[in-house]
Number of protein chains: 2
Amino acid sequence: MNLKHSKQRDSIMEFLRERKDHPTADVVYMNVRKTFPNISLGTVYRNLTLLADIGEISRIRVGDGVDHFDADTSPHYHFICKECGSVIDLEMEDMTDINETANKNFSGLIEGHITYFYGKCGNCSTKS
Amino acid sequence: MNLKHSKQRDSIMEFLRERKDHPTADVVYMNVRKTFPNISLGTVYRNLTLLADIGEISRIRVGDGVDHFDADTSPHYHFICKECGSVIDLEMEDMTDINETANKNFSGLIEGHITYFYGKCGNCSTKS
DNA sequence: CTAATATCAGTAATAGTTACTACTTTTGAA
DNA sequence: TTCAAAAGTAGTAACTATTACTGATATTAG
């Protein structure tokens with residue numbers, strides 16, 4: 001894979017790094033457009049996919065039908081608010097041990113797991 | 001919600017019950033068509049959504065972009081094979097305790113979690 | 001039996017994402 | 001430095017999974 005430099009990709013990367021939430025492709029598009037007014041949505045998608053493939057960012061799928069992206073590739077868990085839909089980082093240690101637990105009565109090979117938590121976020125639970 | 005009886009819905013329910021894997025709407029459609037040759041894909045989707053809403057079946061989202069459906073609504077975890085994409089039930093106890101662990105450094109309210117494991121299934125790991 | 005209404009088949013519409021195409025940048029070597 | 005190969009881009013078309021709409025049909029309570 002022979003990467004070439006691109007201002008658009010830099011801008012996408014930069015935007016993702018300065019956000020602590022986990023924007024969707026569309027949100028990235030809306031914001032990078034402030035710097036590159038005629039960047040294409042296709043370019044955003046292609047670069048997000050590329051960056052995820054080479055491990056620069058990670059793609060988060062929380063079952064809301066939209067992919068979220070995160071510049072923080074260190075292993076960590078996510079919380080999804082059922083009320084407002086926001087995706088929030090959780091501070092807790094990695095549960096690698098559950099892979100072995102799952103492998104006990106299983107004929108294949110378990111390499112990892114994906115876990116996300118759901119409920120009401122701080123904002124939404126104080127509101128109601 | 002005032003439900004009326006429908007042969008089509010029965011057939012969808014029956015098909016789901018006789019399958020141990022976790023078919024997608026399209027697979028349900030293909031198979032129910034053997035009994036109802038001109039059932040509509042829209043009907044399949046509408047009934048799967050309805051059945052999931054009233055808790056008769058459960059919708060499984062494993063991040064492959066397609067919804068899977070399961071007539072077994074008892075709480076259990078799933079495994080997804082990275083090779084062939086099949087979704088398999090795992091025999092392991094519920095990890096309700098991880099919700100409390102996650103709640104320790106979190107300001108909101110954690111109501112539950114979704115976990116699925118990935119790797120190579122029995123079939124695919126013996127093949128390679 | 002019949003009227004109210006849930007459900008249906010068929011089809012159009014939508015959302016998110018990927019693919020295609022002709023043009024533009026980047027980059028490494030001449 | 002220049003210049004062409006390769007990677008990237010904007011714009012747009014296409015695709016996939018799903019939902020919404022519409023006029024006809026089936027179910028069921030009274």
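Here is the naming used below: chain letters follow the sequence lines, and residue numbers restart at 1 for every chain.
When all heavy atoms are compared, the tightest approach of Asn103(A) to Gly108(A) is OD1-O, 3.4 Å. In terms of heavy-atom proximity, Cys121(B) sits nearest to Ile88(B) at CB-CD1, 3.7 Å. Taking both residues in full, the closest heavy atoms of Asp72(A) and Ser58(A) are given as O-OG, 4.0 Å, listed atom of the first, atom of the second, then distance.
Along DNA chain D, the nucleotide nearest Arg9(A) and the nucleotide nearest Arg61(B) are compared for position; the residue whose nucleotide lies closer to the 5' end is Arg9(A).
For the pair Tyr77(A) (side chain) and Met95(A) (backbone), a donor-acceptor distance under 3.5 Å is present. In terms of modelled atom types and a separation under 3.5 Å, the side chain of Arg9(A) and the main chain of Lys4(A) share a donor-acceptor contact. Using modelled atom types, one side-chain atom of Thr49(B) and one backbone atom of Tyr45(B) make a donor-acceptor pair closer than 3.5 Å.
Among the protein residues, Asp26(A) comes within range of no part of the nucleic acid, since none of its heavy atoms lies under 4.0 Å from any strand.
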Would you tabulate the nitrogen or oxygen pairs shorter than 3.5 Å linking the protein to nucleotides 25-28 of chain C?
residue: dT26(C); atom: O2; partner: Lys4(A); partner atom: NZ; Å: 3.1
residue: dT27(C); atom: OP1; partner: His5(A); partner atom: N; Å: 3.3

Could you list all N or O pairs between the protein and nucleotides 10-14 of chain D that sit under 3.5 Å apart?
residue: dA10(D); atom: OP1; partner: Asn38(A); partner atom: O; Å: 3.4
residue: dA10(D); atom: OP2; partner: Ser40(A); partner atom: N; Å: 3.1
residue: dA10(D); atom: OP2; partner: Thr43(A); partner atom: OG1; Å: 2.4
residue: dG11(D); atom: OP2; partner: Asn38(A); partner atom: O; Å: 3.3
residue: dG11(D); atom: N7; partner: Ser40(A); partner atom: OG; Å: 3.0

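Asp64(A) has its CG atom 9 Å from the P atom of dG16(C), to the nearest Å. dA6(D) atom C1' lies 14 Å from atom CG of Leu50(A), rounded to whole Å. Atoms CG (Asp67(A)) and C1' (dA15(C)) sit 12 Å apart, rounded to a whole Å. With rounding to whole Å, Asp53(A) atom CG is found 12 Å from dG8(D) atom P. Taking atom CE of residue Met30(B) and atom P of nucleotide dT16(D), one finds them 12 Å apart after rounding to whole Å.
Side chains of His68(A) and Asp21(A): no donor on one and acceptor on the other come within 3.5 Å. Checking Asp89(A) against His22(A) by side-chain atom types alone, a donor-acceptor pair falls below 3.5 Å.
OP1 or OP2 of dT9(D) has at least one side-chain nitrogen or oxygen of Asn47(A) nearer than 4.0 Å. For Tyr45(A) and dT18(C), the shortest distance from a side-chain N or O to OP1 or OP2 is not below 4.0 Å.
You'll find the side chain of Lys7(A) stays beyond 4.5 Å of the side chain of Thr35(A), heavy atoms only.
No continuous path of hydrophobic side-chain contacts links Phe117(A) to Val62(A) [ILVMFWY only; heavy atoms under 4.5 Å].
For the segment residues 15-24 of chain A, the set of residues with a heavy atom within less than 4.0 Å of an atom of DNA chain C is empty.
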Subject >> Met13(A) and Ile57(A): CA distance, side-chain angles, deciding distance, side chain to side chain contact (heavy atoms under 4.5 Å, CB included) verdict >> reply: CA-CA 8 Å; Met13(A) 206 47 231; Ile57(A) 64 175; 3.7 Å; yes

